[in-house]
Amino acid sequence: MTKTYTRPLMIGATAGVALLAFAAPAHAETEVAEPAEFTSAFTVMATPDQVINNDGVATPGQSGATGTFTFRINSELEIICYDIRLEGVSGDYQSPAKTATHIHEAAVGKPGPPRIAFPNPAPVGDGPRESSGCLQGPFTTGVQANGADTGDGFSLAQIEANPAGFTGDSHTTTSPAGVVRGQLSAIPVGGVDTGAGGSSTSAVHPGAVAATVGGVGALAAGAVLWHRRRAADAR
């Protein structure tokens with residue numbers, strides 16, 4: 001059984017894009033179980049030096065902060081599974097969106113609207129913060145542009161078609177433009193470059209993601225997948 005996505009929401013000053021806040025529609029994304037297969041996977045190594053404001057001006061986030069975002073997508077089912085870890089971040093979250101942790105449609109050095117809002121990593125404090133789960137669209141962000149929610153009509157296939165055109169970030173009271181930010185980078189899985197679109201021939205098993213990622217990304221993806229499996233076993 002799925003359940004409606006009802007995480008605590010934090011509303012604050014303008015961050016990420018110059019948009020107006022409004023109540024999320026009734027048919028928002030739902031929290032769902034992890035699917036058996038994924039059509040693509042992506043990682044983000046987020047740092048404070050990549051943050052820009054709404055005008056595209058470099059606005060560094062919190063010094064020493066880092067963020068690791070791992071996303072696994074089944075674009076046929078419109079499901080995105082996320083493992084997010086923030087370190088070196090202090091202070092509470094703040095955003096005009098319904099949460100302060102997002103995927104924005106924005107190229108390097110450019111501002112852009114949020115397309116997906118994720119539960120904020122917890123706990124709030126000076127230690128590591130983590131958030132994991134799976135969401136199924138249609139997606140909503142709680143902000144609007146031109147009279148519509150910035151998640152309205154968004155499809156995960158858009159990320160697969162152009163991952164470099166999307167960024168992961170999080171916003172805090174002391175860094176409203178973003179505490180860390182980084183571009184999505186496709187993870188090759190099973191010898192097939194991900195991001196090619198949601199065909200069944202490119203679908204991969206969840207465990208294959210961690211096994212085939214190289215370098216720092218392998219450690220990050222492996223750690224978060226292990227964390228999710230351990231949490232699932234505990235339940």
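Small disclaimer: the values here were computed from a predicted structure and weren't measured.
- When all heavy atoms of G182 and A46 are compared, the pair lying nearest together is N-CB, 3.8 Å.
- With hydrogens and angles disregarded, no donor-acceptor distance shorter than 3.5 Å links the side chain of Q62 to the backbone of P48.
- For the pair Y93 (side chain) and S170 (backbone), a donor-acceptor distance under 3.5 Å is absent.
- V51 and F69 end up in different hydrophobic clusters when Ile, Leu, Val, Met, Phe, Trp and Tyr side chains are linked at under 4.5 Å.
- Counted by atom type alone, D126 and S90 present zero donor-acceptor pairs between their side chains at under 3.5 Å.
- You'll find the ring centres of F71 and F166 outside the 6.0 Å limit.
- There is a side-chain donor-acceptor pair under 3.5 Å between D49 and T47.
- No donor-acceptor pair under 3.5 Å is formed between the side chain of D55 and the backbone N or O of V57.
- The two residues E34 and C134 make their nearest non-hydrogen contact at CA-SG, 3.7 Å.
- In this structure a side-chain-to-backbone donor-acceptor pair under 3.5 Å is present from N120 to T101.
- Counting only distance, with no hydrogens or angles, the side chain of Q183 and the backbone of A106 share a donor-acceptor pair below 3.5 Å.
- Under the 3.5 Å distance criterion, the side-chain polar atoms of Q50 are matched with a main-chain donor or acceptor of M45.
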Full working for side chain to side chain contact (heavy atoms under 4.5 Å, CB included) between V179 and H171:
CA-CA 5 Å; V179 66; H171 309 263; over 6 Å; no

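- Although no hydrogens or angles enter the test, the distance criterion places no donor-acceptor pair under 3.5 Å between the side chain of T30 and the main chain of V32.
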